[in-house]
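Here is the structure we will look at.
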There are 2 protein chains.
Amino acid sequence: MRLDPRHLEILAAIVDAGGLTEGAAKLGKSQPSVSRSIAFLEERVGQQLFEPRRRPLRPTELCLSLAAEGRKILDAGRAASALVQTFKSGEAGTVRVAGTPIFMDGVISGVIAEFQADHPNIRIDQSYAYIDEALEKLKQDQLDLAILPVRPGALPAEFEFRQILKGCNVIACRVDHPLTQHAEMTARDVIDYAWIAPPANSPLFQDMRALLESIGQRELKIGFTGGSLSAVLNVLAGSDSLTILPYSVVVTLQRRNQVASLPIEIGDPGRHLGIIINRSRSLHQAAIRFESFVGERIKGMSRSMASD
Amino acid sequence: MRLDPRHLEILAAIVDAGGLTEGAAKLGKSQPSVSRSIAFLEERVGQQLFEPRRRPLRPTELCLSLAAEGRKILDAGRAASALVQTFKSGEAGTVRVAGTPIFMDGVISGVIAEFQADHPNIRIDQSYAYIDEALEKLKQDQLDLAILPVRPGALPAEFEFRQILKGCNVIACRVDHPLTQHAEMTARDVIDYAWIAPPANSPLFQDMRALLESIGQRELKIGFTGGSLSAVLNVLAGSDSLTILPYSVVVTLQRRNQVASLPIEIGDPGRHLGIIINRSRSLHQAAIRFESFVGERIKGMSRSMASD
DNA sequence: TAGCCTCATAACATGAAGATATATTATTCG
DNA sequence: CGAATAATATATCTTCATGTTATGAGGCTA
């Protein structure tokens, strides 16, 4: 026999309230409505739920058992409402975000850590992707947002780009690197050292090539290539190698004394770090929160970089 | 925001079934009905519950969370249905039964123990009462049945009496009592011993008085009075006292070697043990089960008594 | 791109649940 | 014991979600 869960809810409310009238009030319904619902349930069940001819309504044993189930239903309903609330407020949910390995590991991961402290019920699904892959995933709704260095104007109109940091690369080395002792330095000084090349399909790789061309160099000694940021840092720390890294990453790492940077001017790469979203899809609240949080943090970071 | 628990049930069914059509089938509803219910819920919630334009319906994260609550509701509903079933079948519930202390402790408690082995979900509320009190409680529906020795015809018409045992009292003593050695015995032999008197308001007390009168005796040495069966038994075992007890009780106790009985004829007390119910109230299934169980057992017991 | 399969919509019927007004009944209190 | 009070049940009407069948639309697979 199938019972209407709403009837069980009503039963629970009445039993808990200790009376039909109060129970009805608690449910925001009229007393007759509740009375009839119970009559219905009683008929369906085929058993007395309240002792007849008793004016302070006295529940039957079966009634009490059923009310216990009704209470579970009420609780589940309340939990469901709460769930909806938190999801709608953006305090729960999953944000799918992707970006270049260097940025994600060097800058964004720290921001994510801060974000999660504030919003423990929002889950961040982070993955790595370069621009083409990221746009494809955004288009297919496999991604909520991408954080990438992008050349403004190079983006199809279906995507929106919100710049959060001006692009700027620097040459990085280990903290006690010999070059850090030099008072003055020219681009020529760096070509004698082994280099760590970013992944060949990354924008940084193109930036490195541009840098080399600007100092009239075609080839460099490449000692290591293809790794993640932490691999790069390990190699950097254990050798005299140099590499090119976004300034923002270097700033973050310098605070932890993990790298040093060389005071060599590198031309503006023409790319700027920003958040990309798919215009045709509206972000859900959790993603909106994350997006603005990242924006704020990175802007704060860039202010402190400017004041360095 | 208040959600309809039935919608959550439907959601759970759909998610579990992996599709709207199958979910509808599982719920025994038509597919369009379910479809619209979900549309309703979606509108109420104000969030997508399934990813749009995906034909094997793919649940949203929020949807999965809500479905989990819906599953709880489904479970509670099923539990409620099961409860009703067991109550209606008489496999659960409470039977309120009262009787004289001596019968309840001496005979019925053993039957209750057997009954509970068979019907673990039926609770027995046992209390002690003599006839007047028991009838009053039956009338006020504070009792489902009473088990009492009653003089047939002495019962108001509003009660039904179902005899389960012919009344018959015997004189009881401890197992090694001196009188048990006598080959022959007359009523006169018993008057030298101290007696344990049943409670003054009990039928047994009247039976004892009748016995005394039948042997021309007005007074007895009363050594102990007023206790429960176990108190009587303890005094009996620790002294040479005699007492009067229903034959059925003595038979039960003799099997455990706790008492002996004396072969002295006692006149029929005119009362017979039976179950009393209130005609104006119908017994619930659990009480019916208990009543017939007790009837069967006691009848079985009386058969084995007859063959002694 | 054709065809299948799943889901959404339309149109209509039904009936449960809501409200207000009112009757009925238990309990309490003088 | 009877009247007052409070609580529950009933009556009647309205509304609207749910159910139905028939049918249209659109993703998915080959």
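All figures in this text were calculated on a predicted structure; none of them were measured in a lab. Heavy atoms only: backbone and side chains are in, while hydrogens, waters and symmetry mates are out. Naming: A, B, ... by sequence-line order, numbering from 1 per chain.
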Near [X] [atom1], under 6.0 Å, is it more than 12 heavy atoms from other residues, nucleotides or ligands?
| X | atom1 | value |
| --- | --- | --- |
| B:Q116 | CD | yes |
| A:E296 | CD | no |
| A:R279 | CZ | yes |

Any side-chain heavy-atom pair from A:R151 and A:H272 closer than 4.5 angstrom?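 Contact flag for A:R151/A:H272 side chains = no.
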
Would you indicate whether the side-chain heavy atoms of A:P156 and A:L135 approach each other to under 4.5 Å?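 Yes, close enough: below the 4.5 Å cut-off.
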
Contact interval (first through last nucleotide) of DNA chain D with protein chain B, 4.0 Å heavy-atom: D:dA17 to D:dC28

Inspect the contact between B:E291 and B:R289 and indicate whether a charged nitrogen and a carboxylate oxygen are less than 4.0 angstrom apart. no

Residues B:E22, B:K26: salt bridge by 4.0 Å N-O rule: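 Judged by the 4.0 Å cut-off on N to carboxylate O distance, B:E22 and B:K26 do not form a salt bridge.
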
Paired with B:I275, the side chain to side chain contact (heavy atoms under 4.5 Å, CB included) test is passed by just one of B:V150, B:V294, B:I298, B:L148, namely B:V294

Angle between terminal axes - the helix from C:dT1-D:dA30 to C:dG30-D:dC1, 5 pairs each end, rounded to 10°: 40°

Pull out every residue in residues 59-67 of chain A that has a heavy atom closer than 4.0 Å to any atom of DNA chain C, ordered by number, or say none. none

Sugar-phosphate means primed atoms, P, OP1 and OP2; the rest is base. With that split, encode nucleotides 16-25 of chain C 5' to 3' as B, S or - using protein heavy atoms under 4.0 Å. SBBBBB---B

Could you state the CG-C1' distance from A:L20 to C:dT27, rounded to the nearest angstrom?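 To the nearest whole Å, that distance equals 17 Å.
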
Before you tell me yes or no, could you show the steps for B:Q126 and B:R96 under side-chain hydrogen bond (donor to acceptor under 3.5 Å, both in side chains), namely the whole-Å CA-CA distance, both residues' side-chain angles and the distance that decides it to 0.1 Å? CA-CA 6 Å; B:Q126 187 223 275; B:R96 298 163 301 172; over 6 Å; no

Compare side-chain N and O positions of B:S35 against OP1 and OP2 of C:dA8 and report whether any pair is under 4.0 Å apart. yes

Phosphate contact (C:dC7 OP1 or OP2) by B:T21 side-chain N/O below 4.0 Å: yes

Can you list everything that forms a ring pair (Phe, Tyr, Trp, His ring centres under 6.0 Å) with B:F103? Sequence neighbours excluded, please. none

Is A:N278 reaching over with its side chain to a backbone N or O of A:L138, donor-acceptor style, under 3.5 angstrom?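 Yes, because the side chain of A:N278 sits within donor-acceptor range (under 3.5 Å) of the backbone of A:L138.
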
What is the minimum heavy-atom distance between A:P203 and A:Y130, and which atoms define it? CD-CD2, 3.8 Å

Result block: side-chain N/O donor-acceptor pairs under 3.5 angstrom for residues 65-83 of chain B, not counting sequence neighbours:
| residue | atom | partner | partner atom | Å |
| --- | --- | --- | --- | --- |
| B:S65 | OG | B:E61 | O | 3.3 |
| B:E69 | OE1 | B:K72 | NZ | 3.3 |
| B:E69 | OE2 | B:K72 | NZ | 3.3 |
| B:R71 | NE | B:D16 | OD1 | 3.2 |
| B:R71 | NE | B:D16 | OD2 | 3.0 |
| B:R71 | NH2 | B:D16 | OD1 | 3.1 |
| B:D75 | OD1 | B:R78 | NH2 | 3.4 |
| B:S81 | OG | A:M1 | O | 2.5 |
| B:S81 | OG | B:G77 | O | 3.2 |

